[in-house]
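Okay, so here's the structure we're looking at.
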Amino acid sequence: MPGKNMEKSYDHLQTESDWYRRWEENGLFTPASEPTGIPFSIILPPPNVTGSLHIGHALTLSLPDIIVRRKKMQGFHVLWLPGVDHAGIATQMMVEKNLKKETGQAKEDLGREAFLRLVWEWKHSSEKQIVGQIKKLGLALDWSRMKFTLSDEMQRVVRRVFVALYGEGKIYQGTYMVNRCPSCKTVLSDLEVEHQEVQGRLTYIRYPLSRDAKRWVVVATTRPETMLGDVAVAVHPRDPRYKKLIGQEIRLPLAGRAIPIVGDEDVDREFGTGAVKVTPAHDPVDFKIALKHRLEKIVVIDEQARMTGPIPEKYAGLDRFACRQAVLDDLRSLGLIEKAEEYTHNVGHCQRCETVVEPHISKQWFLKTAELAPPAIAAVRGNEIAFIPDKWKKVYFNWMENIQDWCISRQLWWGHRIPAFYCQECQEVLVSEAEPERCPRCAGTRLVQDPDVLDTWFSSALWPFTTLGWQDDSPDFRTFYPTSIMATGFDIIFFWVARMIMMGLHFGKAVPFREVLINGLIRDEKGQKMSKTKNNAVDPLDIIRESGADALRFTLAIQAVPGMDIALSLSRIKGYKAFANKIWNASRFVVMNLQGDEPPVVDAARVSDADKWILHSLNLLVQKVNESFDGYRLYEAADLIYHFIWDEYCDWYLEFSKSDLESPATRSVLRLTLLRILQLLHPFMPFISEEIYQRIRGEKEFLIQTEFPAFTREFVFPEAHAAVETLKKVVAETRKTRTENRIEPNKKIPIFLKCDAPLERQHLEKHLKYFDFLSRSLKTEIVSDLAVLAKGFRGVSQNWEILLPFVDDQDRRQELQRLRGEHDKLARLIEQMEAKLAGGDFAAKAPAEVILNFKKNLQEYIEKNAKIGKTIDDLS
RNA sequence: GGGCGGUUAGCUCAGCUGGUAGAGCAUCGGUUUUACACGCCGGGUGUCAGAGGUUCAAGCCCUCUACCGCCCA
């Protein structure tokens, strides 16, 4: 018999060490390109090669894995495709930081090529680490199809897509105001800018009129240093305070230039004094105003956020914040500051490094969204793509309906190089997949490629169809596209999900996925966000070492209510580690008792009622679990399985079975039920379920190759189920009565029972064997009148009375007191219920069924209390 | 400014289409009974944020308020 001698406690380290290798070696996760069942595919959201995975990844990766494993067991043709992301800005920053720390060098000291070699090295080691972590989690990924967002293949596809979009006029180059991070030294898209509320100061500055320096207009600003680049003062054209001044000139303090006062509808009359300074080179609103009024744009802040341009010598080269102070000091000494006040406003910060971003005019590449967005909106509106939970649709629509063109160029080295070439002779711009040999216009050969790379999210947007080989019209693409599910966090709905939908529709000619599963954030056990600075971040590998990947996966699954954040508590993980041990020991019990002669199928004629009861319960469980799965309520499925195993199979069925171990039929049910449990559990806890399954089945097949349990008519036994439920009820009541009266748990005592329901009485009579064992009964008698017997402790439940004989008179007095308390409590409840039934509209308006039920309950309470009253009389 | 969540047992959270509340952990009492002390048996614990409304009936639906959190501009 395989699997004998299971260790007394479960060792997750041992079990989780080797199964992954064997699954992989047996090609369990590698489907053929040609389908053998209904295709079901999920593309892994590629983790960044910035280091190692955090606990949030464990969630985003585990949930689809659970879905994938079940689908596979249900016979779908499943692909779960892995990959990693080059994560341009994040990775480059990390390598730069390391370089600085280790050698003191900047990337410029190495040059582009040498630096990129360094990043590639980093990528390889990070990828190795990530893949190792993923395997530890047990994810059923097909590594033979692994992809990288910056592989040669991806570079070819990205160039092709770029050239195509350029050809369609959807990619263009333009000079606009964009956000730039002075620290990361690149421009950013609007999405990469995070607005944070900042306590600042609003300074009111006097701008003297050219004609009369004694008169001035007061403007309010949070950024005084930008006044050096002012080209006008703007007021609302209908503002009575200022409209007469329109057309006049201001002598700009410090700079000494003359600038006009213009009228513009975009001026907010409520802000400050209603007159605003116009700095078109450094403010997006001012930029627009300047365009309308054909004003010059004077750049006074450079790419390093230092002062530059036609400004007084003393400010040149100062950092923007240092200059702010200098300007304020100088204005104050000139008596030009009217006042300053505390002011809370939103300031854009770089998502990566939290530096205050600088609006900045430059020539960049943009993706036009006007034609790409509408089909993407329509696809979601037409339910071709569902969001789970549904509420995220609104968020998606809100953003998509207000979408702006996307700035896709970045001044970085690590990423997809933009396939644009500039002729040095005639300045012609050439966009092409391959580097052109000569300029088609002037035949010049001095061509220089654009130094910029693409926003990382550009290649990410192409991920679902390019990973499947859209570029080669591969069989994989035809089989697995559109993919089934995209599982990801809400934080990247705009960055990623929306863009995948746009690109997928445009190039893949179909939605990239059918369902978007949005999961929440992992927080610590106090509900706080995890972060390195708070030192409350947990490493998934630590948890796996401590409690096992199975326990971690189960914890995440049972807590992951779609769209809700998870407060991850270590004590809870420990609880599911204990659950694994529980399963192990239940299996140990089964394995110890198997004799090898168990019939392979359930013989309904030979099995006991207890056997039928567990089969019936199992069948109900299977039905509910499948419903939960289909509604993406994995937390519910996990919860159902947990309670079935612990509260039904272990707590009751294994105990029942101890009375029937000589029966091969019972042993076969013991075994069969366990195997079904392991199958149900496998998606959640792949390691322990496989280990036990193999020990029992003798390595005939892997668990993932077996069929996921489904409801079967074969296991419908309502009568036996009801009988055993009665038994459970009476056992529980007896145990309670014993405990309440401090009767030693292990002491076998005589037990007397009385039952008013003939059917239930039959049930119990039939199963006294189990009752005696579970209630520690010396001898059980079911009698018609308890009063005639020895006095004893009473327990009363629906239809049943229990009597445990007293040993002495102290017992009697104690019992009397308890019964009086209970009698009073119940009497109050009955009174309340009768009042409800008598007065009000309840009796008149509630549905008959509800009232009937209510009356039934009331009647039961009345009867129960009558019994208690009678007992009190007997004992008095 | 616009929008979205949350507020349920000491803690962290479930509670699907309204019929008087559940889990895990914690806690208390008992217990080493032939799978498991990572166990077993049993117990206690809640004006379901507040106010109002709809309804025979509200944790669940509607309105308002308060507090906490998030997103967009």
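Throughout, a chain's letter reflects where its sequence line sits, starting with A, and its residues are numbered from 1. When reading the values below, keep in mind they use all heavy atoms of this one structure, side chains included, and skip hydrogens, waters and symmetry mates.
For A:Gln404, the CD atom is loosely surrounded, since the number of other residues' heavy atoms within 6.0 Å does not exceed 12.
Ionic pairing of A:Glu401 and A:Arg381 is present here: one or more N-O contacts between side-chain nitrogen and carboxylate oxygen are shorter than 4.0 angstrom. Under the 4.0 Å criterion applied to side-chain N and carboxylate O atoms, A:Arg553 and A:Asp550 are not assigned as salt-bridge partners. Ion pairing between a basic and an acidic side chain is recognised when a charged N comes within 4.0 Å of a carboxylate O; A:Glu598 and A:Arg671 show no such pairing. A salt bridge is absent between A:Lys728 and A:Glu655: the closest approach of a Lys/Arg side-chain nitrogen to an acidic carboxylate oxygen does not fall below 4.0 angstrom. With respect to the salt-bridge test (charged N to carboxylate O, under 4.0 angstrom), the residues A:Glu691 and A:Arg695 qualify.
When distances run from any side-chain atom of A:Ala586 to the nucleotides B:rA35, B:rA23, B:rC71, the shortest one goes to B:rA35. When distances run from any side-chain atom of A:Arg572 to the nucleotides B:rC72, B:rG24, B:rC38, the shortest one goes to B:rG24. Nearest to the side chain of A:Lys658, among B:rA73, B:rA35, B:rA37, sits B:rA35. Comparing B:rA35, B:rC72, B:rC70 by their nearest atom to the side chain of A:Phe589 picks out B:rA35. For A:Tyr642, taking side-chain heavy atoms from C-beta onward, the closest of the listed nucleotides B:rG42, B:rG24, B:rC36 is B:rG24. Side chain of A:Lys391, nearest nucleotide from B:rC4, B:rC40, B:rA35: B:rC4. Among the nucleotides B:rC38, B:rA23, B:rC36, the one closest to the side chain of A:Lys577 is B:rC38. The side chain of A:Phe773 sits closest to B:rU34 out of B:rU34, B:rC40, B:rA23. With B:rC72, B:rA37, B:rG39 as the candidates, the nucleotide lying closest to the side chain of A:Leu191 is B:rC72. For A:Asn581, taking side-chain heavy atoms from C-beta onward, the closest of the listed nucleotides B:rG39, B:rC36, B:rA35 is B:rC36.
Rounding to whole angstrom units, CG of residue A:Asn585 and P of B:rC40 are separated by 10 Å. In this structure, CD1 of A:Ile645 is placed 18 Å from P of B:rA23, rounded to the nearest angstrom. In this structure, A:Leu552 places its CG atom 20 Å from P of B:rG24, rounding to the nearest Å. Rounding to whole angstrom units, CD1 of residue A:Ile677 and P of B:rA35 are separated by 17 Å. Remark: P of B:rC41 and NZ of A:Lys729 are 19 Å apart, rounded to the nearest angstrom. Going from atom OH of A:Tyr576 over to atom C1' of B:rA23 covers 7 Å, rounded to whole Å. Here the C1' atom of nucleotide B:rU31 and the CZ atom of A:Arg735 are 13 Å apart, to the nearest Å. Atom CZ in A:Arg588 sits about 5 Å away from atom P in B:rC36, given to the nearest Å.
Taking side-chain N and O atoms only, A:Trp584 has no distance below 4.0 Å to OP1 or OP2 of B:rG39. Under 4.0 angstrom from either OP1 or OP2 of B:rC40 there lies at least one side-chain N or O belonging to A:Lys582.
A:Glu655 comes within 4.0 angstrom of a nucleotide base, judged by non-hydrogen atoms across all strands. A:Asp651 comes within 4.0 angstrom of sugar-phosphate atoms only, judged by non-hydrogen atoms across all strands, and of no base. Note on A:Tyr635: only backbone sugar-phosphate atoms sit closer than 4.0 angstrom, heavy atoms only; bases stay farther off.
Using C1' as the reference atom, B:rU54 and B:rC61 are 8 Å apart when rounded to the nearest Å. The same atom, P, is picked in B:rC71 and in B:rG15; the two are 24 Å apart, to the nearest Å. Using C1' as the reference atom, B:rA9 and B:rG46 are 5 Å apart when rounded to the nearest Å. B:rG18 and B:rC11 have their C1' atoms separated by 30 Å, with the value rounded to a whole Å. Nucleotides B:rG59 and B:rU20 have their C1' atoms positioned 11 Å apart, rounded to a whole Å. Rounded to whole Å, the P atom of B:rU63 lies 23 Å from the corresponding atom of B:rC68. A gap of 31 Å separates the C1' atoms of B:rU34 and B:rU27, to the nearest Å. The same atom, P, is picked in B:rG43 and in B:rA23; the two are 11 Å apart, to the nearest Å.
Pairing for B:rU12 goes to B:rA23, judged as Watson-Crick or G-U wobble with the two contacts each under 3.5 Å. With a cut-off of 3.5 Å on both pairing distances, the Watson-Crick or G-U wobble partner of B:rU7 is B:rA66. The partner of B:rU17, taking Watson-Crick or G-U wobble pairs whose two distances both stay under 3.5 Å, does not exist in any strand shown. In this structure B:rC48 sits in no base pair that meets the Watson-Crick or G-U test at under 3.5 Å. Checking B:rG39 for Watson-Crick or G-U wobble geometry (two distances, each under 3.5 Å) identifies B:rU31 as its partner.
Projected onto RNA chain B by closest heavy-atom contact, A:Arg633 and A:Tyr10 fall at different nucleotides, the more 5' of which corresponds to A:Arg633. Place A:Lys8 and A:His643 on RNA chain B by their nearest nucleotides, and A:His643 ends up nearer the 5' end.
Checking A:Asp11 against A:Trp584 by side-chain atom types alone, no donor-acceptor pair falls below 3.5 Å.
Put simply, CD on A:Glu627 and CD on A:Glu636 are 9.0 Å apart, with the number rounded to the nearest 0.5 Å.
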